[in-house]
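Single-structure report; data block below.
Numbers restart at 1 for each chain; the letters A, B, ... are given by sequence-line order, proteins then strands.
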Amino acid sequence: MNRNTKINLVLLLVVAALAVLPLALGLGDHKEEPFTGADAQAETAITELDPDYEPWFTPLYEPPSAEIESALFALQAAIGAGVLAYYFGLRRGRRQGEERATARQQAADADAVGVPGKSPADGA
Amino acid sequence: MHIAEGFLPPAHAVAWGVASAPFVVHGVRSLTREVREHPESTLLLGASGAFTFVLSALKLPSVTGSCSHPTGTGLGAILFRPPIMAVLGTITLLFQALLLAHGGLTTLGANVFSMAIVGPWAGYAVYKVLRRYDVPLMAAVFCGAFVADLSTYCVTSVQLALAFPDPGSGFLGALGKFASIFAVTQIPLAVSEGLLTVLVMRLLVQSSKGELTRLGVLLAGKRSRTETEAVAR
């Protein structure tokens with residue numbers, strides 16, 4: 001594994017650790033409902049600050065259950081991850097194709113002037 | 001982070017919508033110009049939008065014992081400048097408001113203002129200043145993404161405190177309350193976002209040197225070569 005890949009893996013590991021530590025250390029234990037969304041807590045805070053406040057508009061569509069909601073969140077993440085993977089896959093493929101083409105070209109040039117060059121790129 | 005549907009009084013909702021609209025309109029213009037003049041950047045634009053999509057779908061636990069999610073707007077702001085991120089961020093917020101009942105249409109203006117306008121601009125400003133003082137690329141990217149993420153939630157806190165000042169301690173009292181919910185929770189998540197943005201930027205430096213040079217992220221000179229080598233080593 002080269003140094004580059006190692007650094008990338010360390011970055012991912014630190015992110016994972018940052019997500020797992022609050023759970024592992026039980027940082028939500030002091031709450032009645034640990035690890036709820038900050039936006040839901042903000043709603044509670046609003047009702048504390050202004051007990052008379054009534055939301056004056058409701059979402060046009062609301063996922064009927066927590067399962068459907070998590071499915072839609074997963075869909076959102078999947079779309080994003082898919083596009084990112086497509087981008088990097090395409091870039092990698094293009095770069096490899098270019099490298100092969102250059103190698104082939106060089107080999108062809110070498111053949112043309114009669115210098116024994118490397119055979120065309122393997123598996124090209 | 002998003003303010004839930006109906007949770008801003010109508011006057012505030014309209015005001016934030018009016019404040020955000022010009023940025024988004026300007027952003028749409030920048031985006032169409034970018035795509036027309038550099039059709040080859042469409043793919044990277046898509047990737048920047050995709051990054052926001054992934055990150056804002058990831059609800060992560062934090063030290064305060066509650067969950068929140070990163071925004072992913074720093075990357076696109078650094079690559080394509082903040083106006084374009086205003087559009088990509090708005091698309092993400094619309095998706096969440098319409099399909100997930102996360103955020104809302106009446107609070108869209110306020111949420112766009114925090115996540116798609118202030119976040120990208122603040123992150124971009126920090127990145128630019130650090131680069132001017134020759135801070136290494138990846139350190140500047142980390143700080144930019146960190147600030148883009150955290151400033152978004154600070155703005156959300158201000159927006160809510162303006163709408164719901166504390167009966168006793170007023171605006172500042174409410175600000176403290178909302179900031180302790182949003183901003184403190186967000187600090188470790190902003191670190192995560194910074195690290196993930198650095199990761200994606202490293203992959204981009206390896207795979208899309210030409211594109212990054214054209215966008216001015218890598219300089220076409222000696223300095224950029226040493227930086228590329230530092231990553232490629």
Side-chain angles (χ1 to χ4, degrees), chain A residues 2-4 7-8 11-12 14-15 18-23 25-31 34-43 45-46 48-50 53-63 69 72-84 86-88 90-92 94-95, chain B residues 1-7 10 43-44 46-47 49-68 95-102 104-106 160 164-167 174 177-178 181-182 185 188 191-192 195-196 198-200 202-203 206-208 231-233:
Chain A
N2 66 28
R3 183 163 172 266
N4 234 340
I7 296 179
N8 291 348
L11 285 171
L12 280 175
V14 176
V15 172
L18 276 171
V20 171
L21 277 178
L23 298 172
L25 298 177
L27 293 175
D29 290 354
H30 62 286
K31 299 207 166 181
F35 298 112
T36 51
D39 37 8
Q41 289 175 28
E43 286 171 31
I46 290 172
E48 278 167 26
L49 288 167
D50 187 354
Y53 187 78
E54 283 289 330
W56 53 283
F57 199 81
T58 46
L60 299 177
Y61 169 78
E62 214 160 344
E69 190 186 342
L72 287 167
F73 266 104
L75 176 70
Q76 187 192 333
I79 294 174
V83 173
L84 278 173
Y86 175 78
Y87 177 84
F88 284 110
L90 190 74
R91 284 282 160 181
R92 197 189 162 96
R94 268 191 199 161
R95 212 172 33 158
Chain B
M1 64 136 282
H2 313 317
I3 303 175
E5 185 76 281
F7 268 90
L43 259 182
L44 189 54
F51 188 67
T52 305
F53 245 62
V54 179
L55 260 67
S56 61
L58 290 182
K59 294 187 181 173
L60 299 169
S62 175
V63 284
T64 49
S66 51
C67 279
S68 185
F95 180 93
Q96 296 196 320
L98 290 175
L99 285 180
L100 302 171
H102 188 57
L105 292 177
T106 59
L160 285 174
F164 302 100
D166 192 278
K177 202 165 198 170
F178 289 117
I181 293 174
F182 281 121
T185 305
V191 173
S192 296
L195 295 173
L196 287 173
V198 166
L199 176 67
V200 171
R202 287 172 55 81
L203 295 174
Q206 291 161 37
S207 71
S208 324
V231 172
R233 219 181 294 148

From the list A:Glu48, A:Glu62, A:Lys31, the residue making the most non-hydrogen contacts under 4.5 Å with chain B is A:Lys31
Between A:Arg95 and B:Gln206, is there a donor-acceptor pair closer than 3.5 Å when you use the side chain of the first and the backbone of the second?
yes
If one checks every heavy atom of A:Leu21 against chain B at 4.5 Å, the contacting part turns out to be neither
Rounded to the nearest 0.5 angstrom, the CG-CZ distance for B:Leu100 and A:Phe73 is 4.5 Å
Closest non-hydrogen contact found for B:Ser207 with A:Arg91 is O-CD, 3.7 Å
- Does A:Leu11 reach the side chain of B:Arg202, with side-chain heavy atoms less than 4.5 Å apart? yes
When the 4.5 angstrom heavy-atom criterion is applied to B:Leu195 and chain A, the contacting part is both
Turns out that what part of B:Leu44 lies under 4.5 Å from chain A's heavy atoms comes down to both
So, the part of A:Asp50 with a heavy atom under 4.5 Å from chain B: the answer is side chain
- Message: Counting C-beta onward and ignoring hydrogens, is there a side-chain heavy-atom pair between A:Asp39 and B:His102 closer than 4.5 Å?
- Response: yes
CG of B:Leu203 to CG of A:Asn8, rounded to nearest 0.5 Å, is 5.0 Å
The interface call for B:Ser62 against chain A, heavy-atom contacts under 4.5 Å, is backbone
Counting heavy-atom pairs under 4.5 angstrom with chain B, the leader among A:Gly28, A:Pro59, A:Ala77 is A:Pro59
So, the part of A:Leu72 with a heavy atom under 4.5 Å from chain B: the answer is both
Heavy atoms of B:Ala101 and A:Pro63 approach each other most closely as CB-CD, 3.8 Å
So do the side chains of B:Phe178 and A:Leu49 get within less than 4.5 Å of each other, counting heavy atoms only? yes
Taken to the nearest 0.5 Å, the spacing of B:Leu43 CG from A:Phe88 CZ works out to 11.0 Å
The side-chain contact (heavy atoms from CB on, under 4.5 Å) partner of B:Leu199 among A:Leu12, A:Val14, A:Val15 is A:Leu12
Cut-off 4.5 Å, heavy atoms of chain A, and the answer for B:Phe51 is both
Between A:Leu18 and B:Ser192, the two heavy atoms sitting closest are CD1-OG, 3.4 Å
**Prompt:** According to the interplanar angle, ranging from 0 to 90°, do the rings of A:Tyr53 and B:Phe7 count as parallel (below 30°), tilted (30 to 60°) or perpendicular (above 60°)?
**Reply:** tilted
In terms of heavy-atom pairs under 4.5 Å with chain A, the winner among B:Ala174, B:Ala47, B:Gly49, B:Pro167 is B:Ala47
So, the part of B:Phe164 with a heavy atom under 4.5 Å from chain A: the answer is both
To the nearest 0.5 Å, atom CG of B:Leu99 lies from atom CD of A:Gln76 at 9.0 Å
Under 4.5 Å to a heavy atom of chain A? For B:Thr64 that would be backbone
Nearest heavy-atom approach of A:Ala45 to B:Ile181 is CB-CD1, 3.8 Å
Exercise. Taking the side chain as every heavy atom from C-beta outward, state whether A:Val83 and B:Phe53 have any atom pair closer than 4.5 Å.
Key: no
